[in-house]
Enquirer: 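Okay, handing you the structure first.
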Amino acid sequence: RFCRLHLKALSPFLYQAGQAISLRRPGRVARLFSLSSVPEAKADLEVQIEVQSGGQLTPWLYEEAEEGMQLEMQGPEGYFFYLAGRPEQNILLIGDGAGAGSLSAIAKSALAQGHTGTIALYHGARKIQGLYLHSELKILEEKHQNFHYFPCVSRDDFFDTLRQGEAAQIALGDFLDLAGWRVFIAGSSTMVGSAKIEAYIAGASSEEILTDPFDGTAFRRFPRPYAF
């Protein structure tokens with residue numbers, strides 16, 4: 001199950017698309033979430049969450065959190081975002097699960113800033129239902145000639161518009177030479193770790209490979225008290 005959580009800051013909050021924040025359930029441990037909103041859109045903050053059975057925070061956010069409730073937050077954190085300056089550079093985005101949220105935000109931010117190079121986004125899921133941004137990313141692809149979306153499923157029936165297999169394997173099989181490319185990888189820590197190595201072997205500079213692994217661990221015990 002996936003859900004979108006919209007957050008309204010009570011004070012000015014500056015961030016880059018793809019950076020992370022930690023959220024705390026009242027009286028409980030904090031968890032780290034990647035932002036899927038785009039500052040250029042000047043809208044509320046958003047995180048896209050995969051609900052984890054038995055988790056301390058995501059089931060509560062999905063089932064019990066109510067509109068207007070205040071949460072503690074710390075951030076933004078990290079360097080997982082689009083940096084302007086080379087609009088002609090090609091960009092490869094690889095993700096699984098809720099990793100599509102930060103990757104789609106990075107793609108939208110790059111396009112909003114006039115990026116002209118190829119932007120290829122590969123999102124993988126075990127089943128078709130896991131491609132929760134499929135319609136949104138198809139619309140983005142129709143609007144921008146340099147943006148290309150490749151949905152991938154590994155354990156389900158697939159249609160002509162889907163690719164069969166793991167997103168990272170398919171992406172790195174399509175692009176065997178990544179010299180000069182910028183690569184963003186987000187999702188399960190196992191996938192991120194192996195894809196990072198493969199991207200480096202394919203020629204991407206280590207400084208140009210940015211990662212956002214999800215491991216479900218607590219971020220900080222005492223986050224700064226931003227209210228939402």
Side-chain angles (χ1 to χ4, degrees), residues 12-21 33-48 75-96 98-124 131 133-152 161 163 167-187 191-192 195-213:
F13 184 79
L14 301 177
Y15 71 99
Q16 299 286 345
Q19 285 189 299
I21 57 174
F33 297 99
S34 298
L35 288 162
S36 52
S37 48
V38 179
E40 289 84 0
K42 298 181 180 180
D44 292 345
L45 300 176
E46 180 188 275
V47 293
Q48 294 172 9
E77 301 284 346
Y79 300 94
F80 193 75
F81 59 85
Y82 173 78
L83 185 64
R86 287 172 292 170
E88 75 290 342
Q89 185 182 32
N90 295 328
I91 295 176
L92 177 62
L93 306 127
I94 303 171
D96 60 17
S102 57
L103 295 178
S104 65
I106 288 170
K108 292 175 185 176
S109 181
L111 292 168
Q113 296 182 61
H115 195 85
T116 58
T118 294
I119 302 176
L121 191 158
Y122 289 73
H123 180 215
L131 300 174
L133 289 182
H134 183 77
S135 297
E136 182 177 312
L137 291 173
K138 290 297 291 183
I139 292 173
L140 190 67
E141 184 178 43
E142 292 172 0
K143 290 182 177 180
H144 299 275
Q145 292 184 347
N146 61 323
F147 175 74
H148 308 283
Y149 163 56
F150 301 93
C152 310
T161 56
R163 303 286 294 276
Q169 294 179 359
I170 294 173
L172 294 166
D174 287 349
F175 298 100
L176 300 177
D177 183 3
L178 291 175
W181 284 63
R182 200 180 325 179
V183 182
F184 295 85
I185 312 170
M191 181 279 292
V192 169
K196 180 179 180 180
I197 294 172
E198 293 300 321
Y200 179 76
I201 292 173
S205 167
S206 59
E207 292 80 12
E208 298 277 20
I209 304 174
L210 304 174
T211 62
D212 185 17

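Bear in mind the structure is a predicted one, so any value in this text is a computation, not a measurement.
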Enquirer: Would the distance check show the side chain of Asn146 and the main-chain N or O of His115 forming a donor-acceptor pair, the cut-off being under 3.5 Å?
Expert: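 Side chain of Asn146 to backbone of His115: a pair is present.
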Enquirer: Quick one, Ile21 and Phe13 - any side-chain contact, counting heavy atoms below 4.5 Å?
Expert: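 Yes - at least one pair of side-chain heavy atoms lies under 4.5 Å apart.
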Enquirer: Ignoring hydrogens, what is the shortest heavy-atom contact between Leu131 and Pro151? Give both atom names and the distance.
Expert: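 Heavy-atom minimum between the residues: CD1-CB, 3.8 Å.
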Enquirer: Taking side chain as C-beta onward, heavy atoms only, is Ser102 less than 4.5 Å from Phe80?
Expert: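 Ser102 reaches Phe80 side chain to side chain.
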Enquirer: So if I apply the side-chain hydrogen bond (donor to acceptor under 3.5 Å, both in side chains) rule between Lys108 and each of Glu40, Gln113, Glu136, which one comes out positive?
Expert: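 Exactly one candidate clears the test, Glu136.
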Enquirer: Mark yes or no for whether Gln89, through its side chain, and Gly180, through its backbone, hold a donor-acceptor pair below 3.5 Å.
Expert: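 Yes, Gln89 side chain to Gly180 backbone: donor-acceptor pair under 3.5 Å.
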Enquirer: Taking the side chain as every heavy atom from C-beta outward, state whether Phe184 and Ile91 have any pair of such atoms under 4.5 Å apart.
Expert: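 Yes - at least one pair of side-chain heavy atoms lies under 4.5 Å apart.
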Enquirer: Distance check, rounded to the nearest 0.5 Å: Met191 atom CE versus Glu198 atom CD?
Expert: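 Here the interatomic distance stands at 12.5 Å.
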Enquirer: If you measure from OH on Tyr79 to CG on Leu210, what distance do you get to the nearest 0.5 Å?
Expert: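 Answer for the OH-CG pair, Tyr79 versus Leu210, is 11.5 Å.
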Enquirer: State whether the side chain of Gln19 and the backbone N or O of Gln16 hold a donor-acceptor pair below 3.5 Å, judged by distance alone.
Expert: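 Here the side-chain-to-backbone pair exists.
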Enquirer: Minimum heavy-atom separation for Ala105 to Ser36, with atom names?
Expert: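 Closest heavy-atom pair between Ala105 and Ser36: CB-O, 3.4 Å.
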Enquirer: So, the side chain of Asn90 versus the backbone of Thr118: is there a donor-acceptor pair under 3.5 Å, distance only?
Expert: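 Yes; judged by distance alone, with no hydrogens or angles, the pair exists.
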Enquirer: Does any N or O in the side chain of Thr116 come within less than 3.5 Å of the main-chain N or O of Pro87, such that one atom is a donor and the other an acceptor?
Expert: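 Side chain of Thr116 to backbone of Pro87: a pair is present.
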Enquirer: Return the minimal non-hydrogen interatomic distance between Ala17 and Pro39, and the atom names on each side.
Expert: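 What the structure gives for the nearest pair is N-CD, 3.7 Å.
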Enquirer: May I ask you to decide if Leu45's main-chain N or O and Ser37's side chain share a donor-acceptor pair within less than 3.5 Å?
Expert: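 No, because the side chain of Ser37 does not come within donor-acceptor range (under 3.5 Å) of the backbone of Leu45.
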Enquirer: To the closest 0.5 Å, what do you measure between CD1 (Ile106) and CG (Asp212)?
Expert: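 So the gap between those two atoms works out to 7.5 Å.
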Enquirer: Would you say Leu35 and Val47 make side-chain contact, with heavy atoms under 4.5 Å?
Expert: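 Heavy-atom side-chain distance check passes, below 4.5 Å.
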Enquirer: Distance check, rounded to the nearest 0.5 Å: Leu137 atom CG versus Leu93 atom CG?
Expert: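 With rounding to 0.5 Å, CG (Leu137) is 10.0 Å from CG (Leu93).
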Enquirer: At what distance, to the nearest 0.5 angstrom, does CZ of Arg182 lie from CG of Leu92?
Expert: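 So the CZ of Arg182 and the CG of Leu92 are separated by 12.0 Å.
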Enquirer: Minimum heavy-atom separation for Thr211 to Pro213, with atom names?
Expert: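 Between these two residues, the closest heavy atoms are C-CD, 3.7 Å.
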Enquirer: Does Leu140 reach the side chain of Leu121, with side-chain heavy atoms less than 4.5 Å apart?
Expert: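 When only atoms from C-beta onward are counted, Leu121 and Leu140 do not touch, as no gap falls below 4.5 Å.
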Enquirer: Tell me the closest heavy-atom pair linking Ala168 and Ala195, and the distance in Å.
Expert: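 Heavy-atom minimum between the residues: CB-CB, 4.0 Å.
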Enquirer: Sort out for me which residue in Lys138, Lys143, Gln145 forms a side-chain hydrogen bond (donor to acceptor under 3.5 Å, both in side chains) with Glu141.
Expert: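 Answer to the side-chain hydrogen bond (donor to acceptor under 3.5 Å, both in side chains) test with Glu141 among Lys138, Lys143, Gln145: Lys138.
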Enquirer: What pair of heavy atoms forms the shortest contact from Gly95 to Ala167, and how long is it?
Expert: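 Heavy-atom minimum between the residues: O-CB, 3.8 Å.
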Enquirer: Measure the CZ-OG distance between Phe147 and Ser104 for me, rounded to the nearest 0.5 Å.
Expert: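 It is 8.0 Å, given to the nearest 0.5 Å.
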Enquirer: Mind telling me whether Phe150 and Tyr122 have parallel, tilted or perpendicular rings, with 30° and 60° as the class edges?
Expert: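 Because their plane-to-plane angle is under 30°, the rings of Tyr122 and Phe150 count as parallel.
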Enquirer: Are Trp181 and Glu208 close enough, and set up right, to give a side-chain contact (heavy atoms from CB on, under 4.5 Å), and what steps lead you there?
Expert: CA-CA 7 Å; Trp181 284 63; Glu208 298 277 20; over 6 Å; no
Enquirer: Do Asp96 and Val192 come within less than 4.5 Å of each other through their side chains, counting heavy atoms only?
Expert: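 Answer no - side chains too far apart.
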Enquirer: Quick one: does Ser109's side chain have a donor or acceptor within less than 3.5 Å of a partner on Val38's backbone?
Expert: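 No; judged by distance alone, with no hydrogens or angles, the pair does not exist.
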